[in-house]
Protein chains: 2
Amino acid sequence: MRTNLETQQRLLEAAGEIFATRGFRAATVREICQRAGANIAAVNYHFGDKEGLYFAVLKSCSEAALKKYPPTLGLKPTATGEERLLAFVRSLLLRIFDEGRPSWHSKLIAHEMAEPTKALAALIDKVYAPALKQLEMIVRDLASRPASVAVVRQCLFSILGQCLYFQNSRPAIQHIHPEQGFAPADLERLAKHITQFSLAGIRQATK
Amino acid sequence: MRTNLETQQRLLEAAGEIFATRGFRAATVREICQRAGANIAAVNYHFGDKEGLYFAVLKSCSEAALKKYPPTLGLKPTATGEERLLAFVRSLLLRIFDEGRPSWHSKLIAHEMAEPTKALAALIDKVYAPALKQLEMIVRDLASRPASVAVVRQCLFSILGQCLYFQNSRPAIQHIHPEQGFAPADLERLAKHITQFSLAGIRQATK
DNA sequence: CGCATTTTCAAACATATGTTTGGAACGATT
DNA sequence: AATCGTTCCAAACATATGTTTGAAAATGCG
């Protein structure tokens with residue numbers, strides 16, 4: 001009962017990376033098994049079929065991402081709205097630019113958006129919607145005065161859009177601005193910019 | 001010499017729609033030919049291979065999008081920076097939410113970002129980079145004072161990100177906010193929000 | 001019309017890919 | 001050591017897909 005779990009684990013690892021880079025459909029079971037050092041039949045034996053493996057990968061990566069960058073963000077209850085916004089933005093950027101599972105998670109979601117599978121709805125409910133809800137609290141807190149649902153929502157879109165841009169347009173960014181780095185210091189600068197930019201935007205939208 | 005062009009045209013139409021929804025790899029020649037009412041061999045006869053058809057589609061869709069929403073935006077030379085920003089944002093949103101070729105173009109780019117093909121670099125140089133350059137002029141004009149390259153760039157990212165969010169996360173948006181409409185009036189409201197939000201952000205970043 | 005070129009078509013081909021299968025190897029338990 | 005359930009594996013299978021082919025149909029032209 002050890003090699004069993006080890007093989008499953010290796011498959012999850014290999015599949016996570018390959019699904020993240022190629023998407024569900026373009027990823028091949030053969031490539032996954034080869035990288036995992038497993039037989040071609042291993043996927044069907046351990047996960048039923050390719051789709052079962054994919055769902056398991058999504059589950060595994062979601063949990064890994066939420067564990068490495070927990071929604072609480074390690075903030076004190078006394079943190080100001082601005083601090084919480086910065087923490088939210090920073091954690092999102094860190095997840096996007098991380099190497100390994102957390103970034104797989106972002107890439108998997110990106111692929112789902114471009115070419116949805118049956119897993120999309122559940123993934124949104126489990127990961128995407130809670131993050132939005134959390135951001136909504138922050139924005140309401142930062143608003144100059146009680147804001148309408150529509151205005152708050154537009155601010156959410158503006159903030160999320162600024163962060164996810166680096167997920168969804170990275171090839172273009174790197175092609176046009178090859179000198180732009182994304183080391184931790186760069187990300188911190190970026191997070192601060194997005195936070196300040198959004199703070200001004202929120203105040204403008206709720207003044 | 002008539003049916004010839006007609007078949008090529010039908011193939012381009014059908015392929016545009018299918019490549020846009022499924023991406024290059026997941027789209028099948030058979031489905032494209034069926035929708036175009038052409039024989040399976042038509043793609044290879046007229047475009048060499050599937051990739052040739054894909055390149056032709058990209059070219060066709062780029063031209064169609066730039067023709068329907070030209071970079072000049074129909075603005076007077078006397079337009080203020082704010083008007084030009086609004087026009088830029090609006091045209092981008094219109095292209096994203098359009099039905100037909102202009103939206104195919106956006107979707108094709110989105111697929112390229114998620115799973116790049118050999119066409120990506122040329123596509124960026126031809127379409128993406130010029131738009132960025134144009135936006136850069138607007139931002140520099142709106143800055144409170146001469147801004148560094150880095151600050152301007154971050155503002156570009158912020159604005160583009162807000163717009164492209166609706167391209168790259170639409171499934172999530174529609175799932176979480178099913179009541180959110182995207183009729184012309186909604187898009188106008190959205191464009192105004194993004195413009196005002198960004199205006200405040202730019203001023204904050206360049207103060 | 002007669003002929004050459006172009007275009008269309010049904011079928012076949014070659015390859016890739018998810019899945020199944022029957023048996024072998026393995027590990028735990030008695 | 002013997003047995004039983006689990007896991008692994010090489011091979012085969014079924015299907016999907018891009019491409020090719022050779023002939024038929026259509027088209028242009030004198």
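In what follows, chains are A, B, ... by sequence order, proteins preceding strands, each numbered from 1. Source: prediction; values computed, not measured. Any value given below was found using the heavy atoms of this structure, including those in side chains, with hydrogens, waters and symmetry copies removed.
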- side-chain N/O B:H46 vs C:dT8 OP1/OP2, d < 4.0 Å: yes
- Query: Could you give the OH-to-P distance, from A:Y54 to C:dT19, as a whole number of Å?
  - Reply: 15 Å
- Within residues 24-32 of chain B, residues whose heavy atoms come under 4.0 Å of DNA chain D: B:A27, B:T28, B:V29, B:R30
- Tell me: CD of A:E6 to C1' of C:dC26, nearest whole Å? 14 Å
- Just checking, B:R170 and B:F97: is the charged tip under 6.0 Å from the six-membered ring centre and within 45° of the axis? yes
- Atom OH of A:Y45 and atom C1' of C:dA25: how far apart are they, to the nearest Å? 13 Å
- Any Lys/Arg nitrogen of A:R90 or A:E188 sitting under 4.0 Å from an Asp/Glu carboxylate oxygen of the other? yes
- Query: Please give, in whole Å, the distance from C:dA12 C1' to B:I40 CD1?
  - Reply: 11 Å
- Query: Counting side-chain heavy atoms from CB outward, which of D:dG18, C:dT19, C:dT6 is closest to A:D49?
  - Reply: C:dT19
- Message: Distance check needed: C:dA16 C1' versus B:K50 NZ, whole Å only.
- Response: 12 Å
- Query: Quick one: B:N44 CG to D:dT19 C1', roughly how many Å, whole number?
  - Reply: 5 Å
- Item | Atom CD of B:Q34: over 12 foreign heavy atoms under 6.0 Å | no
N/O donor to acceptor pairs below 3.5 angstrom from side-chain atoms of residues 53-64 of chain A, sequence neighbours left out:
{"from": "A:Y54", "atom 1": "OH", "to": "A:E112", "atom 2": "OE2", "distance (Å)": "2.5"}
{"from": "A:K59", "atom 1": "NZ", "to": "A:E63", "atom 2": "OE2", "distance (Å)": "3.2"}
{"from": "A:S60", "atom 1": "OG", "to": "A:R101", "atom 2": "NH1", "distance (Å)": "3.0"}
{"from": "A:S62", "atom 1": "OG", "to": "A:L58", "atom 2": "O", "distance (Å)": "2.8"}
{"from": "A:S62", "atom 1": "OG", "to": "A:H105", "atom 2": "NE2", "distance (Å)": "3.4"}

- Query: What class does the angle between the rings of A:Y165 and B:F157 fall in, given that below 30° is parallel, 30 to 60° is tilted and above 60° is perpendicular?
  - Reply: tilted
- Query: Quick one: does B:S103's side chain have a donor or acceptor within less than 3.5 Å of a partner on B:D98's backbone?
  - Reply: yes
- Query: CD of B:Q34 versus C1' of D:dT17: gap in Å, rounded?
  - Reply: 14 Å
- Nucleotide D:dT17, atom C1' - distance to CG of B:N39 in whole Å: 15 Å
